[in-house]
Enquirer: 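Sharing a structure, written as structure tokens. Questions coming.
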2 protein chains.
Amino acid sequence: MSNTHSFTEENYLKAIYHLSTGNNSVVSTNQIAEMTNTKAASVTDMLKKLAEKNLINYIKYQGVTLTDTGKNAAVNIVRKHRLWEVFLVEKLGFKWDEVHDIAEELEHINSESLINRLDDFLGNPAADPHGDPIPDRSGTIHQKKLVRISDMYQDQSGMISGVSEYSSIFLKLVEKMGLTLGTKILITELIEFDGSITLIVNGNSDRTISREVAKNILVML
Amino acid sequence: MSNTHSFTEENYLKAIYHLSTGNNSVVSTNQIAEMTNTKAASVTDMLKKLAEKNLINYIKYQGVTLTDTGKNAAVNIVRKHRLWEVFLVEKLGFKWDEVHDIAEELEHINSESLINRLDDFLGNPAADPHGDPIPDRSGTIHQKKLVRISDMYQDQSGMISGVSEYSSIFLKLVEKMGLTLGTKILITELIEFDGSITLIVNGNSDRTISREVAKNILVML
DNA sequence: CTTATTTTTTAGATTAATCTAAAAAATAAA
DNA sequence: TTTATTTTTTAGATTAATCTAAAAAATAAG
Ligand SMILES: [Mn+2]
Ligand SMILES: [Mn+2]
Ligand SMILES: [Mn+2]
Ligand SMILES: [Mn+2]
């Protein structure tokens with residue numbers, strides 16, 4: 001079991017996995033090309049290879065889905081990525097906006113005992129620094145139901161529990177605005193003109209955020 | 001600064017570095033081929049490339065030496081390798097015979113802040129689990145003077161402080177014999193017939209070890 | 001100082017991953 | 001339902017890293 005794939009194959013599997021979450025189960029060549037910063041022609045070549053290895057279901061011109069084997073491989077990479085992010089933040093003191101790129105490299109280290117020991121060392125965390133759930137060693141993901149701030153109603157309240165955008169510039173902004181994970185918010189006004197939203201943060205300070213920001217912050221109701 | 005080299009280039013640099021310690025400053029093509037598990041022809045190709053990048057001094061048929069740039073790059077990889085080994089043993093609870101292969105992968109992760117934070121997190125260790133010195137962030141190595149047990153004399157004593165063979169089979173044996181790092185020994189007999197050596201371990205138990213084992217255990221007198 | 005052996009380099013191929021440009025298929029518009 | 005546009009695939013090349021077999025240089029033997 002636990003066949004080993006090349007660095008590149010792993011990145012394609014992960015890209016397909018991320019693209020196929022949220023009911024979009026079938027993923028297109030162009031989507032993959034964009035996510036992996038390659039060209040469509042390169043993607044087609046790789047899709048043939050992954051199909052040959054039974055990691056994806058691929059029919060010419062009809063997009064791809066992951067097989068069970070492919071999905072397992074992808075989830076395992078995601079598990080590693082997120083555990084390493086926890087390590088970097090909790091143990092080494094990195095900020096949440098600094099860890100993604102390093103984790104992109106660490107996620108390709110192949111050692112089951114390493115990752116399981118790391119998991120234990122970190123206290124088997126349920127989520128990474130961005131609130132994303134960490135698959136357990138069997139591959140199961142306990143995803144909490146989260147809603148974008150931009151989808152909330154007036155007077156609704158909840159706790160910030162995730163983000164859907166991981167760029168350093170965005171994460172730093174979120175932090176500066178005091179909207180980090182665990183923060184409690186209450187929607188006080190939905191401004192029709194530009195879609196911006198006013199809310200009360202942790203029961204006291206008032207804040208207005210743009211729709212663009214609101215779309216990328218996830219709340220547990 | 002801090003130009004980034006390919007995984008493969010890094011492994012060649014490290015191989016040349018390890019081969020050129022201990023006065024053998026000039027390294028041959030065949031030596032490199034053996035250490036990197038490749039063929040001489042492949043090595044020649046790579047040597048041209050590394051010379052082109054000014055990482056080695058290379059004259060056809062005359063072997064290679066590292067340039068200052070090449071040596072810095074190599075030492076940095078060694079630093080990363082050894083720090084990760086400390087992490088694996090001290091924090092994750094791996095045994096000293098289990099960490100080398102994982103560290104071979106981790107040593108190629110490129111992030112200066114990562115490795116410096118890891119260094120601090122580990123308490124700036126001076127040596128790795130096998131007793132090898134860890135270069136500091138400027139590349140300086142504080143190597144203690146060590147001597148092989150096989151080079152010691154009758155009645156000489158010292159403390160085991162390193163090994164020169166890293167295979168799991170050897171390290172497990174050393175551990176089983178109670179000759180781990182920090183152990184004090186006193187040479188009681190040099191057996192002429194087969195070169196084996198008898199010694200007193202930590203002031204009490206007696207033990208005889210083969211010349212082959214004695215050659216690969218290093219002692220601080 | 002020749003000849004034989006060993007070491008190293010070159011020549012020519014192969015594999016993985018990528019690209020550009022052109023062809024083919026699918027989708028959208030008219 | 002033709003025509004136009006977009007998406008995807010193929011064709012043909014390129015680059016990095018590797019290999020085997022053969023040639024060239026260095027070293028060792030006689
Ligand atoms: Mn990430
Ligand atoms: Mn994350
Ligand atoms: Mn090691
Ligand atoms: Mn070591």
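A note on names: the letters A, B, ... follow the listed sequences, proteins ahead of strands, and every chain is numbered from 1.
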Enquirer: With a 3.5 Å cut-off and no angle check, do the side chains of B:H100 and B:H81 form a donor-acceptor pair?
Expert: yes
Enquirer: Taking any heavy-atom pair under 4.0 Å as a contact, classify A:F7: base, sugar-phosphate, or nothing.
Expert: nothing
Enquirer: Between N or O atoms, less than 3.5 Å apart, protein on one side and nucleotides 22-29 of chain D on the other: list the pairs.
Expert:
{"from": "D:dA25", "atom 1": "O4'", "to": "B:Y61", "atom 2": "OH", "distance (Å)": "3.4"}

Enquirer: Is there a side-chain contact between A:T29 and the phosphate of D:dT9, meaning an N or O under 4.0 Å from OP1 or OP2?
Expert: yes
Enquirer: Please tell me whether A:H108 and A:E10 have a donor and an acceptor in their side chains that are separated by less than 3.5 angstrom.
Expert: yes
Enquirer: Between A:N30 and D:dT6, is there a side-chain N or O to OP1/OP2 distance below 4.0 Å?
Expert: no
Enquirer: By the 4.0 Å heavy-atom rule, please label B:Y58 as base, sugar-phosphate, or nothing.
Expert: sugar-phosphate
Enquirer: Who passes side-chain hydrogen bond (donor to acceptor under 3.5 Å, both in side chains) against B:D136, sequence neighbours left out?
Expert: B:S138
Enquirer: Would you please name every residue forming a salt bridge (charged side-chain N to carboxylate O under 4.0 Å, His left out) with B:K14, sequence neighbours left out?
Expert: B:E104, B:E107
Enquirer: Report yes if a side-chain nitrogen or oxygen of B:K48 is closer than 4.0 Å to either non-bridging phosphate oxygen (OP1 or OP2) of C:dT10; otherwise report no.
Expert: yes
Enquirer: Dot-bracket, 5' to 3', for DNA chain D please: Watson-Crick or G-U pairs under 3.5 Å, [ ] where pairs cross earlier ones, | where the partner sits on another strand, dots elsewhere.
Expert: ||||||||||||||||||||||||||||||
Enquirer: Does anything in residues 33-42 of chain B come within less than 4.0 Å of DNA chain C? Heavy atoms only, and list the residues if so.
Expert: B:A40, B:A41
Enquirer: Do you see a donor-acceptor pair shorter than 3.5 Å between the side chains of B:N72 and B:N76?
Expert: no
Enquirer: Taking atom types as modelled, is there a side-chain donor on B:T29 or B:Q31 under 3.5 Å from an acceptor on the other?
Expert: no
Enquirer: Just checking, any donor-acceptor pair under 3.5 angstrom between side chains of A:N216 and A:R211?
Expert: no
Enquirer: Establish, from distance only, whether the side-chain atoms of A:D132 and A:Y166 form a donor-acceptor pair under 3.5 Å.
Expert: yes
Enquirer: Give a yes-or-no answer on whether the side chains of A:T67 and A:N54 include a donor-acceptor pair shorter than 3.5 Å.
Expert: no
Enquirer: Between A:Y17 and A:Y12, is the gap from one ring center to the other below 6.0 Å?
Expert: no
Enquirer: Please write out the pairs of protein N or O atoms and N or O atoms of nucleotides 13-16 of chain D separated by less than 3.5 Å, giving the distance to one decimal.
Expert:
none

